[in-house]
Engineer: 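This is the structure I want to talk about, given as structure tokens.
It should be emphasised that the depicted structure is a prediction, and the values quoted were computed from it without experimental measurement. So that the names make sense, note that chain A is the first sequence line, chain B the second, and so on, each numbered from 1.
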Protein chains: 4
Amino acid sequence: MAKLQKSIDKRNALIKATIELVNNNGFHATPMSKIAKMANVSPATIYLYFENKQDLVNQTYIEVKAEYTDYAFATYKDTMSVEDGFKLIWHRIADFKLKECENAMFLAQCDNTPMIDEPSRLEGIKHLQPLVELWARGKTEGIIKPISDYILYAYSINPLSFLMIIQKRGDFQLDKTHIEEAYQSAWSSIKVCN
Amino acid sequence: MAKLQKSIDKRNALIKATIELVNNNGFHATPMSKIAKMANVSPATIYLYFENKQDLVNQTYIEVKAEYTDYAFATYKDTMSVEDGFKLIWHRIADFKLKECENAMFLAQCDNTPMIDEPSRLEGIKHLQPLVELWARGKTEGIIKPISDYILYAYSINPLSFLMIIQKRGDFQLDKTHIEEAYQSAWSSIKVCN
Amino acid sequence: MAKLQKSIDKRNALIKATIELVNNNGFHATPMSKIAKMANVSPATIYLYFENKQDLVNQTYIEVKAEYTDYAFATYKDTMSVEDGFKLIWHRIADFKLKECENAMFLAQCDNTPMIDEPSRLEGIKHLQPLVELWARGKTEGIIKPISDYILYAYSINPLSFLMIIQKRGDFQLDKTHIEEAYQSAWSSIKVCN
Amino acid sequence: MAKLQKSIDKRNALIKATIELVNNNGFHATPMSKIAKMANVSPATIYLYFENKQDLVNQTYIEVKAEYTDYAFATYKDTMSVEDGFKLIWHRIADFKLKECENAMFLAQCDNTPMIDEPSRLEGIKHLQPLVELWARGKTEGIIKPISDYILYAYSINPLSFLMIIQKRGDFQLDKTHIEEAYQSAWSSIKVCN
DNA sequence: GATGAATGAGGGTTCATTCAT
DNA sequence: TATGAATGAACCCTCATTCAT
């Protein structure tokens with residue numbers, strides 16, 4: 001029990017170190033030795049938990065992605081109205097991206113570079129299903145524009161990644177009003193105009 | 001003269017090779033030797049044109065960014081109406097991102113990773129001035145939402161980067177209709193609702 | 001008792017695994033962890049039975065060498081005539097080398113590389129005493145050439161190692177006729193010509 | 001010219017270092033760094049001349065093997081009688097094995113371990129053709145025993161490897177008389193008895 | 001200006017061995 | 001006795017950069 005816990009702790013420490021270092025330096029500029037040092041283990045120990053560097057990053061990605069989507073949909077129920085549902089999910093996502101900054105940055109970097117291998121990327125995508133279903137419902141009800149999910153995503157969800165990045169970089173600080181403005185823009189871009 | 005041209009050719013070949021290789025492999029997985037080989041030059045020759053690898057990428061970034069903004073604003077005139085001006089600029093940007101795919105991908109990768117150093121990034125940003133001025137005019141005229149330029153950018157321009165990436169990745173192919181839908185979303189997200 | 005047997009079993013399993021793995025990969029390409037796995041033991045357990053990797057291989061060598069010479073001389077009696085005695089021993093050796101292929105290969109690899117340390121090598125050699133004595137008798141009786149035992153060994157016994165290796169490698173398959181031809185060559189090379 | 005020569009010198013130094021170190025320590029116990037140091041180059045330089053460690057050893061093997069067979073057959077002419085031809089080749093081989101000790105040891109180690117890859121081994125074998133042809137002629141003329149070349153080789157040529165190894169190890173020193181005795185044994189083992 | 005050979009520093013990974021349990 | 005987790009040292013190899021030509 002104590003032993004198992006220690007193992008889990010080490011694995012978590014490694015994942016945490018990976019996120020922080022990759023965020024600051026990028027995948028290839030992050031040596032295994034530094035990850036090990038930050039996680040307070042020997043470099044060789046990493047290989048007890050992960051097959052190699054690629055596997056370490058893949059697993060980190062999948063884990064963080066799951067955390068992200070779990071958070072996003074935690075309080076959502078498909079009995080909600082389309083607008084209420086979207087509002088809820090959107091705000092949860094915004095919350096995650098702006099508060100769990102490290103994790104969200106990591107996901108953004110993974111999604112924008114050839115860092116993660118294809119299987120892991122696909123693994124990460126399928127978690128967004130509830131949002132896709134909500135949109136489908138919204139299209140049927142004539143509330144959401146009848147256009148590709150990719151475009152809906154690009155305009156309603158993805159901008160949060162950009163805002164997170166510039167906030168992380170220190171260029172811009174989002175307060176509650178900004179969030180509300182952003183939500184209005186997101187909703188405007190996908191809702192059917194009356 | 002012929003000599004100067006040969007020099008320029010080499011520099012261009014190096015920049016082109018850098019873009020292609022960094023797009024496909026990322027910054028750190030792109031060795032100078034490969035860049036040299038693809039540009040048909042000796043590795044040592046790179047150092048006649050650039051100080052080091054970081055400088056090569058920085059300069060490439062600045063150059064491509066300039067090309068991008070030049071294209072974006074080439075036909076824009078500040079005598080246009082706000083809506084016409086935005087429509088024009090947006091479509092030029094869309095054009096560039098979806099047709100000059102390699103260049104746009106490179107910019108996206110630079111903007112989403114700690115690959116470019118701060119001074120070069122700032123250098124790249126300032127070219128967007130005309131758009132910022134257009135938005136300022138739009139806000140005065142009550143046509144554009146009175147919110148931060150960062151949010152305006154996040155919702156009206158940045159989504160194109162996302163669409164470009166997934167198109168490059170082969171997940172989605174944008175035709176003219178999609179572009180029009182995207183534009184409607186972009187415009188909806190920043191225009192003042194009547 | 002049962003406990004002692006279990007210990008012996010483990011030791012034997014380790015020795016067997018060592019032989020097989022070293023045969024196929026060589027000494028340095030055989031990790032202790034693989035030996036442990038093949039013997040169904042923990043890596044740490046090896047160190048209960050052997051001091052270190054070198055000791056494991058040394059002991060394996062000595063053990064297999066003893067098995068080899070035991071087999072070679074099992075039915076030999078020094079009352080036999082020189083020719084009968086040599087014929088018997090030679091065929092026993094041939095038998096061992098061609099049938100107990102794994103063991104013989106292991107010995108050959110040890111004898112041809114700097115894998116075994118000197119003391120163990122000497123330990124292994126002294127078991128050939130009966131053959132040396134037979135030759136001494138043969139020389140006295142004028143049946144065996146009066147030349148160095150090293151040369152006698154090189155021409156009458158060592159060739160079997162070569163034949164074993166190429167058979168193991170699949171280049172050549174020895175049947176009964178080949179064995180007889182080989183024996184004739186061996187005997188011709190050391191007997192005094194009439 | 002001077003440059004080319006320097007390249008060749010380096011390559012030769014690397015091959016020489018490889019032979020010496022592999023002889024003394026075996027393939028896997030010979031680090032590239034030591035080879036580099038002995039050849040007075042940086043470890044990285046090795047990779048300008050060889051693809052990797054395996055390639056370095058393969059090429060060394062092929063080169064030494066060629067040297068060996070070149071020497072063996074240098075003065076042989078197929079107009080010689082079978083016995084004269086064999087005597088000549090045998091003595092040339094003996095010469096090489098006992099005087100070019102380092103090279104011969106290296107070949108022996110390569111031939112007795114899974115150190116060289118299959119293609120290189122085959123490359124090395126084909127050089128023995130003249131000896132095979134001599135034996136064919138000898139069989140036709142009824143001078144050489146009508147048995148497999150593998151057995152002829154095992155008894156007439158291979159014993160020299162054994163004698164070389166024990167001489168290298170310091171156990172036994174061969175003088176002219178020993179060589180002559182060895183030759184007699186070799187010839188006795190393959191010639192047809194009258 | 002242009003090069004290809006050369007390299008030191010460092011990266012990912014493996015492995016013989018140890019130690020707490 | 002037996003273990004599996006842990007590790008430091010070392011290995012092979014790569015690469016940004018330099019230098020003699």
Side-chain angles (χ1 to χ4, degrees), chain A residues 1-4 6-7 10-11 27-36 40-56, chain B residues 3-4 6-7 10-11 27-37 40-57, chain C residues 3-4 6-7 10-11 27-37 39-57, chain D residues 1-4 6-7 10-11 28-36 40-56:
Chain A
M1 196 174 54
K3 217 165 192 180
L4 178 61
K6 248 181 76 185
S7 268
K10 257 176 207 172
R11 196 175 178 283
F27 175 67
H28 280 98
T30 299
M32 295 296 261
S33 56
K34 265 192 201 162
I35 296 176
N40 270 113
V41 291
S42 155
T45 302
I46 301 181
Y47 294 87
L48 296 178
Y49 296 89
F50 306 95
E51 246 176 76
N52 49 38
K53 194 182 180 184
Q54 184 66 58
D55 182 47
L56 165 60
Chain B
K3 229 169 188 176
L4 177 61
K6 249 182 74 184
S7 269
K10 266 181 198 166
R11 195 175 177 285
F27 174 66
H28 279 96
T30 300
M32 295 295 262
S33 56
K34 263 193 200 161
I35 295 176
K37 196 164 289 169
N40 271 112
V41 203
S42 156
T45 304
I46 300 182
Y47 293 84
L48 298 176
Y49 295 89
F50 304 94
E51 242 175 79
N52 51 37
K53 195 181 179 185
Q54 184 65 58
D55 181 47
L56 165 59
V57 174
Chain C
K3 227 168 190 179
L4 178 61
K6 249 181 77 184
S7 268
K10 264 179 200 170
R11 195 175 178 284
F27 174 66
H28 279 95
T30 299
M32 294 295 262
S33 57
K34 264 193 200 163
I35 295 176
K37 196 165 290 171
N40 272 111
V41 202
S42 157
T45 303
I46 301 183
Y47 293 85
L48 298 176
Y49 295 89
F50 305 94
E51 240 175 80
N52 51 35
K53 194 181 180 184
Q54 184 65 59
D55 182 48
L56 165 60
V57 175
Chain D
M1 198 175 53
K3 217 166 191 181
L4 179 61
K6 247 180 76 184
S7 267
K10 256 174 209 175
R11 196 177 177 282
H28 279 97
T30 300
M32 296 296 261
S33 58
K34 266 193 199 160
I35 296 176
N40 270 111
V41 291
S42 154
T45 303
I46 301 182
Y47 296 86
L48 296 177
Y49 297 89
F50 305 95
E51 247 175 74
N52 50 38
K53 195 181 180 185
Q54 184 66 58
D55 183 47
L56 166 59

Engineer: Round to a whole Å and report the spacing from CG of C:N40 to P of F:dG4.
Structural biologist: 10 Å

Engineer: Figure out the CD1/C1' separation between A:I35 and E:dT13, and round it to whole Å.
Structural biologist: 13 Å

Engineer: Check C:S42 against C:A36 and note the closest heavy-atom contact, atom names and distance.
Structural biologist: C-CB, 3.9 Å

Engineer: Choosing from F:dT7, E:dA6, E:dC19, which nucleotide comes nearest the side chain of C:A44?
Structural biologist: E:dC19

Engineer: Among the candidates F:dA16, E:dT3, F:dT7, find the nucleotide nearest to the side-chain atoms of B:V41.
Structural biologist: E:dT3

Engineer: Indicate the atoms forming the closest heavy-atom contact of B:K53 with B:T30, along with that distance.
Structural biologist: NZ-O, 2.8 Å

Engineer: Relative to the 5' end of DNA chain F, which residue comes earlier, A:Y49 or B:N52, by the nucleotide with the nearest heavy atom?
Structural biologist: A:Y49

Engineer: Check whether any side-chain nitrogen or oxygen of B:K10 sits under 4.0 Å from OP1 or OP2 of E:dA2, and answer yes or no.
Structural biologist: yes

Engineer: With respect to the phosphate group of F:dA10, does any side-chain polar atom (N or O) of D:K34 fall under 4.0 Å of OP1 or OP2?
Structural biologist: no

Engineer: Between F:dT3, F:dC11, E:dA16, spot the one nearest the side chain of C:Y47, thanks.
Structural biologist: E:dA16

Engineer: For F:dA9, which nucleotide in any strand shown is its Watson-Crick or wobble partner with both distances under 3.5 Å?
Structural biologist: E:dT14

Engineer: From CG of A:D55 over to C1' of E:dT13, roughly how many Å is that when rounded to an integer?
Structural biologist: 14 Å

Engineer: Find which nucleotide of DNA chain F each of D:T30 and C:L48 is nearest to by heavy atoms, and output the residue with the more 5' nucleotide.
Structural biologist: C:L48

Engineer: Heavy atoms only: give me the nearest D:H28-C:H28 pair and the separation to one decimal.
Structural biologist: CB-CB, 2.8 Å

Engineer: When the distance from CG of B:L56 to P of F:dT17 is rounded to whole Å, what number comes out?
Structural biologist: 10 Å

Engineer: Looking at A:S33 and A:P43, what are the two nearest heavy atoms and their distance?
Structural biologist: CA-CG, 4.5 Å

Engineer: Is there a Watson-Crick or G-U wobble partner for F:dT18 with both distances under 3.5 Å, and if so, which one is it?
Structural biologist: E:dA5

Engineer: Which nucleotide, E:dA6, E:dT14, E:dT17, lies nearest any side-chain atom of D:T45?
Structural biologist: E:dA6

Engineer: As a test of reading the structure: which of E:dG8, F:dT7, F:dA16 is closest to the side chain of B:P31, going by heavy atoms?
Structural biologist: F:dA16

Engineer: With side chains defined as the heavy atoms from C-beta onward, is the minimum distance between B:M32 and B:L56 less than 4.5 Å?
Structural biologist: yes

Engineer: Can you check the D:K53 NZ to F:dT14 C1' distance for me, whole Å?
Structural biologist: 17 Å

Engineer: Considering only E:dG4, E:dA5, E:dT13, which nucleotide approaches the side chain of B:S42 most closely?
Structural biologist: E:dG4

Engineer: Whole-Å distance between F:dA16 P and B:K37 NZ?
Structural biologist: 13 Å

Engineer: How close or far is atom P of E:dG1 from atom CD1 of B:I46, stated in whole angstroms?
Structural biologist: 15 Å

Engineer: Can you tell me which nucleotide in E:dT17, E:dT7, F:dA2 comes closest to the side chain of C:M32?
Structural biologist: E:dT17

Engineer: Please report the closest heavy-atom contact between A:D55 and A:N52, naming both atoms and the distance.
Structural biologist: N-OD1, 2.9 Å

Engineer: In whole angstrom, what separates A:H28's NE2 from F:dC15's C1'?
Structural biologist: 12 Å

